[in-house]
Amino acid sequence: MIDEKQISEIVRKVMSDMDIHSKPARKQLGVFDTMEEAIDACNRAYETFRYYNKEQRENIIKEIRKLTHAEAETMAKLAVEDTKMGNVYHKILKHHLVADKTPGTEDLETKALSGDRGLTLIEMAPYGIIGAITPSTNPSCTVICNSIGMLAGGNAVVFNPHPHAKRISAYAVDLVNRAVLAAGGPENIVVTVENPTMETSNIMVNHPSIKMLVATGGPGVVKMLLSSGKKAIGAGAGNPPVVVDDTADIEKAAKDIIDGCTFDNNLPCIAEKECFAMSSIADKLIDGMQKNGAYFINSQQTAELEKVVLVDTTDKQGRTKKVINKDYVGRDAKKILAQIGITVGDDIRCVICETEFSHPFVQTELMMPILPIVRCNNFEEAMEMAVKAEHGNRHTAHLHSKNVDHMTAYAKAVCTTIFVKNAPSYAGIGFNSEGHTTFTIAGPTGEGITSARSFTRQRRCVLVDSLSII
Ligand code: NAD
């Protein structure tokens with residue numbers, strides 16, 4: 001007997017595989033040749049969408065969640081193909097996480113103040129059309145996560161994605177438009193351009209129709225948006241340290257750290273980037289990491305690797321400094337090790353080494369599955385180094401410890417938006433943990449783990465001497 005469900009699943013899979021390797025057969029929805037055209041279309045669509053109530057917005061969000069689940073694998077493959085970074089399996093998990101745990105309209109709360117002088121309502125209203133800049137590291141996840149939160153808040157969105165992730169970002173914009181249409185909504189409340197550039201970004205940022213800006217990326221883009229003169233949310237770079245003290249369950253800490261550090265090949269901004277371990281447990285920790293897919297390289301191999309993954313660049317003042325070699329960002333540990341003549345199997349997912357605190361692997365946000373480990377004499381020294389290595393980004397920090405005094409002291413000292421204890425870093429965005437998810441963690445501007453409410457503005461409605469019914 002023909003199983004229709006099975007056949008349609010096969011057709012979907014074949015279609016999705018075809019999509020990956022060929023140019024889209026049809027014009028993608030919401031994807032325009034120029035930024036001006038994209039913003040014009042969005043403006044027109046917003047005239048309808050701005051009158052949508054929460055139920056109508058929620059129906060759209062339901063469809064976005066459904067399509068994101070259905071096309072998670074397609075997007076994961078396309079993201080890796082488009083950006084040459086990351087891990088397909090982990091990207092599939094990230095898409096399901098976005099679909100399941102990005103808050104919708106339930107995140108919007110009305111406040112009512114009633115008393116002798118009447119009733120005052122405070123409601124969370126849309127900004128209008130938001131201009132959003134998205135990174136290459138989580139391209140479709142950020143587009144979908146931002147779309148859910150921004151549409152839930154009643155806004156429309158114009159995306160200027162990272163040029164190195166333009167195909168997968170356009171795919172995600174098309175998916176959101178397909179979901180909107182399936183829910184009976186207007187096309188183009190989420191738009192982008194086929195070829196995003198700095199020029200299209202400038203047009204978007206300065207366009208009078210764009211009422212709010214949201215940047216997810218490194219320090220350059222956050223600085224640019226914050227100097228735009230518009231309301232802006234900045235989700236910037238991190239360099240999350242992980243501290244391990246002598247009260248921790250060391251075997252679990254070793255596994256958790258490697259699991260977190262290697263998730264999507266270390267692309268997430270929250271992933272463990274350097275480890276500060278108390279000397280008394282450092283050997284056991286390194287041993288545990290090696291049992292969990294880490295390959296330890298000695299100091300000579302570390303020096304060789306440094307020449308591969310970091311390159312010299314000259315800044316505007318003529319000073320030379322080391323920056324990451326983008327060819328190795330988000331690449332497999334196996335490929336990175338091969339560059340220094342080490343051949344390993346697929347079971348190796350992380351490169352670990354021992355370094356000094358000042359080593360560039362500690363100080364630089366590599367976004368590669370390379371974890372430098374610094375031995376520390378005591379907890380206080382580990383904490384002090386971790387705070388310095390975080391560079392005041394106010395982003396993310398991790399700790400493995402059973403000592404609540406250590407937890408409290410470190411949390412107070414490091415001042416990060418996310419602080420994870422005794423779990424892999426991804427617990428910080430609701431993966432196998434409590435709490436909602438986001439792919440836009442706004443440390444610099446303080447919205448934190450952004451959600452629909454972050455993309456709204458308060459409006460007050462006052463009625464005097466009536467409708468207080470007591
Ligand atoms: P990136 O900074 O190179 O690019 C991010 C986006 O900004 C891209 O769309 C890019 O085209 C644009 N851009 C960069 N500089 C710009 C400028 N001066 N003017 C206008 N646009 C500019 O980042 P990436 O390599 O794609 O992503 C990695 C970085 O993003 C890391 O530093 C990571 O920590 C950070 N990140 C932060 C979060 C967060 O939620 N805080 C999430 C993901 C990534």
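Note that ligands are numbered from 1 as they come in the structure, with each ligand's atoms numbered from 1 the same way. Numbers for residues simply follow the sequence, beginning at 1.
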Practice item. Identify which of Met224, Met85, Met198 has a heavy atom lying nearest to atom 22 (C) of ligand 1. Key: Met198
Exercise for review: Examine ligand 1 and decide if any of its atoms is less than 4.0 Å from a heavy atom belonging to His164.
Suggested key: no
Exercise for review: Using non-hydrogen atoms of the residue, decide whether Lys223 is closer than 4.0 angstrom to ligand 1.
Suggested key: no
Would you kindly specify which portion of [X] sits under 4.0 Å from ligand 1, judged on non-hydrogen atoms: side chain, backbone, both or neither?
X: Thr134; answer: backbone
X: His162; answer: both
X: Pro161; answer: backbone
X: Ile133; answer: side chain

Check your understanding: Between Phe419 and Tyr410, how do the two ring planes meet: parallel, tilted or perpendicular, split at 30° and 60°?
Key -> perpendicular
Point to revise | Contact check: Ile441 vs ligand 1, nitrogen or oxygen atoms, below 3.5 angstrom | key: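 Among all N and O atoms of Ile441, at least one is under 3.5 Å from an N or O of ligand 1.
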Review point. Can an N or O of Met367 be found at a distance shorter than 3.5 Å from an N or O of ligand 1?
Key: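 The answer is no, given that Met367 and ligand 1 share no N or O pair closer than 3.5 Å.
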Subset of ligand 1 atoms that lie under 4.0 Å from at least one heavy atom of [X]:
X: Gly238; result: 34 (O)
X: Ser201; result: 20 (C), 21 (N)
X: Gly236; result: 37 (C), 38 (C), 39 (C), 41 (N)
X: His395; result: 39 (C), 41 (N)
X: Pro163; result: 11 (O)

**Study point:** Nearest-neighbour protein heavy atom for atom 1 (P) of ligand 1, which is reported as residue plus atom name and distance
**Key:**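 Minimum-distance protein heavy atom for atom 1 (P) of ligand 1 reads Gly218 N, 3.8 Å.
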